[in-house]
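Let me begin by presenting the structure, written as structure tokens, before commenting on it.
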Protein chains: 4
Amino acid sequence: MFQLDYLDHRPLYEQIKEKLKALIISGVLKPNERVPSVREMAQSLTINPNTIQKAYKDLELEGYIYAIRAKGSFVTPFNDKVNQARRGDLMLEIDKLVSELAYMNIPKEQLISRIEAIYSKKEGEKID
Amino acid sequence: MFQLDYLDHRPLYEQIKEKLKALIISGVLKPNERVPSVREMAQSLTINPNTIQKAYKDLELEGYIYAIRAKGSFVTPFNDKVNQARRGDLMLEIDKLVSELAYMNIPKEQLISRIEAIYSKKEGEKID
Amino acid sequence: MFQLDYLDHRPLYEQIKEKLKALIISGVLKPNERVPSVREMAQSLTINPNTIQKAYKDLELEGYIYAIRAKGSFVTPFNDKVNQARRGDLMLEIDKLVSELAYMNIPKEQLISRIEAIYSKKEGEKID
Amino acid sequence: MFQLDYLDHRPLYEQIKEKLKALIISGVLKPNERVPSVREMAQSLTINPNTIQKAYKDLELEGYIYAIRAKGSFVTPFNDKVNQARRGDLMLEIDKLVSELAYMNIPKEQLISRIEAIYSKKEGEKID
DNA sequence: GTGGTCTAGACCACC
DNA sequence: GTGGTCTAGACCACT
């Protein structure tokens, strides 16, 4: 499914969270699709199940997946009501990054075209 | 100059770096202006000088300030050649954030207008 | 009759107990009325009959329903002698919750008016 | 500080959370007071530090304590803005309990006098 | 010394 | 078989 980077200084569970989030966001994992069980994932990454457990629990708290005991874990279907706080955080992060890029004299057109590209790719998927 | 947030779980030196960077980016600290000495800053924040030292060293490596022994540290004047790696990192971060916002159905117009606002504010300062 | 919430991390039988209790307490299920059989309930919720069985057995032990073999389960008519232990437990729980609300500076008038409302609603039902 | 009940079927960390919360709510632990370190608590209860860690982390997420790396954990000073969600949850729980008590014919006067007692005790402490 | 991360291996409740 | 809890013991970054 993906690989870990042991040179990365962040905790393993952070990497796992990031990779899974990316799969969900990019649409590789569809809403309500089952994600690998804690043990399956632990085996395929050859790390301890507790580390996966922690990553999954965090993702559940953040609203990306949900767990059903004795059934497995699944991708949360997107819901506009959820994660308003998260949206605010993302906006603040974007502001900081954009300020830094502006300071470096990156032309804003470059940024905007990048955004257009990401959004139009997403539109393309919807049509599928 | 600024305050530390002890509830933030990041290392203190990360916070210091972030705050100083923000001051530089926003133009509060001008190019070649002297930043407070390690001791001054340590005293005003009542933390260990080693922590400030580490923050300054990182900022120097990232190209935001330069140190002159026995004189102090100063804001690096902007230079196109500096920090091409940093730019790439920022772009990757932006991509990740934008993907997540797209996943959350934030309209791209909202993002773009936000960017316009930040850039036009910066233009305004230049004229000063 | 009711729906299960698979996102709830409590065991399913706990949810079933809670919902049935609510139906009894609110008067939707009257004293000596028959509650759905284990099989009926299992079918309508599409879960394993063992899970329903466990919920019913617990409710019987707690004094909310009684079972007659080959006939089904029925709502226990209210009886002052029953459940003195349960009352004590509820009082302890109330104490804990009220302490927490007091800590949060919720005015006691708000609590009391809430209690009045619940009791007066119950009185209204009795008259029916 | 307190003792664990190994006959209790709930996870140990839940018991620890409950006991600590009670100490905070009752005012035994004052705002900004330091709570025992993870290791101290683990030793005094003779359980594994990881279990304490989990309890403390949960309490931090719920807003009762805050942790500062290399310093310790401390009681969060009460803040009206925090935990509005928690308040709503508590209110729903109270409603359920009161309904059940009403069903058992507990006179509402008994409930109200209990609430008065808890609140007046809290007022007494404030004057101290 | 503090909070935080990780492993290896065990056991439990649930379905 | 699944998610969740717990232990014992280790190591890390930070102050």
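Below, chains carry the letters A, B, ... as their sequence lines are ordered, and counting in each starts from 1. As the structure is a prediction and not an experimental result, all values here were calculated from the model.
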Interatomic distance, D/Glu40 CD vs E/dG1 C1' [rounded to whole Å]: 10 Å
Gap between atoms CG and P, on C/Leu7 and F/dG4 respectively (whole Å): 12 Å
OH on C/Tyr64 to CD1 on C/Ile24, rounded to 0.5 Å: 8.0 Å
Whole-Å distance separating the CD atom of A/Gln53 from the P atom of E/dT5: 15 Å
Partner residues of A/Asp89 under the salt bridge (charged side-chain N to carboxylate O under 4.0 Å, His left out) criterion, sequence neighbours left out: none
Under 4.0 Å protein heavy-atom contacts per nucleotide of nucleotides 7-15 of chain E, with B for base, S for backbone only and - for none: BBB----BS
Between C1' of F/dG4 and CG of A/Asp58, the distance in whole Å: 15 Å
Length of the CD1-C1' vector between D/Ile68 and F/dA13, whole Å: 16 Å
Range-with-range stems of DNA chain E (Watson-Crick or G-U pairs under 3.5 Å, three or more in a row): E:1-14 with F:1-14
Length of the CG-P vector between C/Asp8 and F/dG4, whole Å: 12 Å
Given A/Met1, A/Glu33, A/Glu18, the one that forms side chain to side chain contact (heavy atoms under 4.5 Å, CB included) with A/Leu23: A/Met1
Euclidean distance, atom CG of residue D/Leu4 to atom P of F/dT5 [Å, nearest integer]: 16 Å
Below 4.0 Å: OP1/OP2 of F/dG3 and any side-chain N or O of A/Ser73: yes
Interatomic distance, A/Phe74 CZ vs F/dT2 P [rounded to whole Å]: 11 Å
